Protein chains: 2
Amino acid sequence: MAKTQQTQQERRADTRQRLLTAARDLIAERGVAGASVDALAEAAQRTSGALYAQFGNKDGLLLALVDHWKDTTANAIAAEFEATPDIERRLRALWGNFVSPPDGAEAWVLLEHELWLYACRTAAAQAQVADRYQTAREQLASALPAATPTAAATLLIALMIGLEMQRRIDPDAVSDELALAGLSALLSC
Amino acid sequence: MAKTQQTQQERRADTRQRLLTAARDLIAERGVAGASVDALAEAAQRTSGALYAQFGNKDGLLLALVDHWKDTTANAIAAEFEATPDIERRLRALWGNFVSPPDGAEAWVLLEHELWLYACRTAAAQAQVADRYQTAREQLASALPAATPTAAATLLIALMIGLEMQRRIDPDAVSDELALAGLSALLSC
DNA sequence: GTCTATAGATTGATAGAC
DNA sequence: GTCTATCAATCTATAGAC
């Protein structure tokens with residue numbers, strides 16, 4: 001067994017991971033169209049040749065990003081959710097993690113909208129994004145004390161997305177108290 | 001007074017309107033970055049020269065679109081709202097108009113997200129989009145029998161946006177009944 | 001598997017005719 | 001005020017060296 005033979009196929013996996021991470025960050029910052037192939041490769045400390053060897057073309061990278069992204073953030077949604085006891089604090093933690101994630105990735109919502117728009121116009125990506133939302137709903141539903149958990153989860157996620165949209169464009173328009181009042185009201189559904 | 005002197009400054013106004021309408025439709029279809037200057041001009045039956053004479057550059061057109069768009073759709077939100085008597089039918093009409101507008105412009109939500117993303121990254125457009133949301137909230141609030149109308153309007157709009165996002169990517173995920181149940185529950189806030 | 005170099009197409013924007 | 005022609009920059013993608 002060689003010692004530094006990690007360079008065999010591990011470098012390929014490393015490059016793939018670097019490109020996916022760079023795509024996540026750069027697309028959140030500049031958008032799908034604003035992040036060029038060269039810029040994406042450079043952000044991953046590689047060149048465009050590596051990108052094409054890995055994903056074929058730019059769309060290949062985007063599809064891989066949607067697929068990878070699918071499992072990534074869904075877990076974070078119900079993160080500290082089951083840790084807290086009473087239901088109001090659970091909702092507060094849910095909303096808090098949504099508007100300002102623990103790892104400081106406040107731009108993740110922009111990526112969410114970018115990939116949603118991309119999927120709306122790209123049939124190949126639509127099913128993957130649909131899966132992503134489905135998983136998020138089920139994961140949240142499993143921790144929800146409601147008569148119809150999946151229905152309640154659908155409403156909670158929808159409200160958080162819509163409130164965050166309004167808040168990002170006008171921080172004063174949506175207070176935390178309003179958000180919590182709305183989330184609480186939807187729990188009865 | 002000349003007879004056909006409408007060509008004086010009315011042709012300019014006509015061109016401006018054509019370009020704005022073309023931008024609305026083409027950007028909803030292909031996105032801000034996907035709609036090139038030439039394609040926008042051609043869709044308006046003009047050339048790029050007319051676009052630059054009218055708006056200076058592409059950003060000028062986008063800013064004018066956001067501003068024009070601001071007043072346009074806000075009116076449609078509370079359209080048939082005050083016509084119907086009981087509150088449940090009002091909510092049903094609100095939701096119905098949201099997911100499938102009367103003029104068949106189902107792509108308007110895509111434009112909404114496009115311009116929202118554009119405004120998140122363009123300081124000059126942010127205030128205009130903030131105004132647009134503010135107007136939509138107030139207009140809906142004025143027709144809402146709630147203790148705190150503006151707060152309720154904020155929640156209703158947020159829920160509709162979030163539900164439409166999930167439904168467009170997966171039509172089976174959000175039923176009309178679920179939407180109405182959620183909207184009704186938020187009215188108490 | 002990754003990089004360098006480059007081809008071919010498209011982009012935003014400008015200048016001058018009308 | 002609008003159009004035609006055109007430039008420089010940027011983009012996606014490919015080919016060949018290593």
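The basis for the numbers below is simple: all heavy atoms, side chains too, and nothing from hydrogens, waters or symmetry mates. To find a chain, count down the sequence lines: A is the first, B the second, and so on, and within it residues start at 1. What you see is a predicted model, and the numbers here were worked out from it, not measured in a lab.
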Pair listing, ring pair (Phe, Tyr, Trp, His ring centres under 6.0 Å) test, anchored in residues 111-151 of chain A, at least two apart
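Pairs touching residues 111-151 of chain A that pass the test: A:His113-B:His113, A:His113-B:Trp116, A:Trp116-B:His113.
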In whole angstrom, what separates [X]'s [atom1] from [N]'s [atom2]?
| X | N | atom1 | atom2 | answer |
| --- | --- | --- | --- | --- |
| A:Arg12 | C:dT2 | CZ | C1' | 11 Å |
| B:Leu19 | C:dG12 | CG | P | 14 Å |
| A:Arg18 | C:dT2 | CZ | C1' | 13 Å |
| B:Lys58 | C:dT10 | NZ | P | 15 Å |
| A:Gln9 | C:dT2 | CD | P | 12 Å |
| A:Arg11 | C:dT2 | CZ | C1' | 7 Å |

Sequence neighbours left out, what pairs pass salt bridge (charged side-chain N to carboxylate O under 4.0 Å, His left out) with at least one residue falling in residues 178-187 of chain A?
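Applying salt bridge (charged side-chain N to carboxylate O under 4.0 Å, His left out) to every pair that reaches into residues 178-187 of chain A, excluding sequence neighbours, yields nothing.
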Output the residues of residues 32-57 of chain A in contact with DNA chain C, where contact means a heavy atom of the residue under 4.0 Å from an atom of the strand; sort by number or write none.
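Those residues are A:Arg46, A:Thr47, A:Gly49, A:Ala50, A:Ala53, A:Gln54.
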Between A:Glu114 and A:Val32 (side chain of the first, backbone of the second, donor and acceptor by atom type, cut-off under 3.5 Å), is there such a pair?
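Looks like yes, one N/O pair under 3.5 Å.
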Using atom types as modelled, flag every donor-acceptor pair under 3.5 Å from a side chain in residues 176-183 of chain A to any protein atom, sequence neighbours excluded.
residue	atom	partner	partner atom	Å
A:Asp176	OD1	A:Trp95	NE1	2.9
A:Asp176	OD1	A:Arg167	NH2	2.7

Suppose we screen for side chain to side chain donor-acceptor pair (under 3.5 Å). Which residues come up paired with B:Asp67, at least two apart in sequence or across chains?
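With neighbours one apart ignored, the set is B:Lys70, B:Gln128.
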Side-chain donor-acceptor contacts of residues 17-27 of chain A below 3.5 Å, not counting sequence neighbours, with atom names and distances?
residue	atom	partner	partner atom	Å
A:Arg18	NE	A:Asp14	OD2	3.3
A:Arg18	NH1	A:Gln45	OE1	2.5
A:Thr21	OG1	A:Gln17	O	3.0

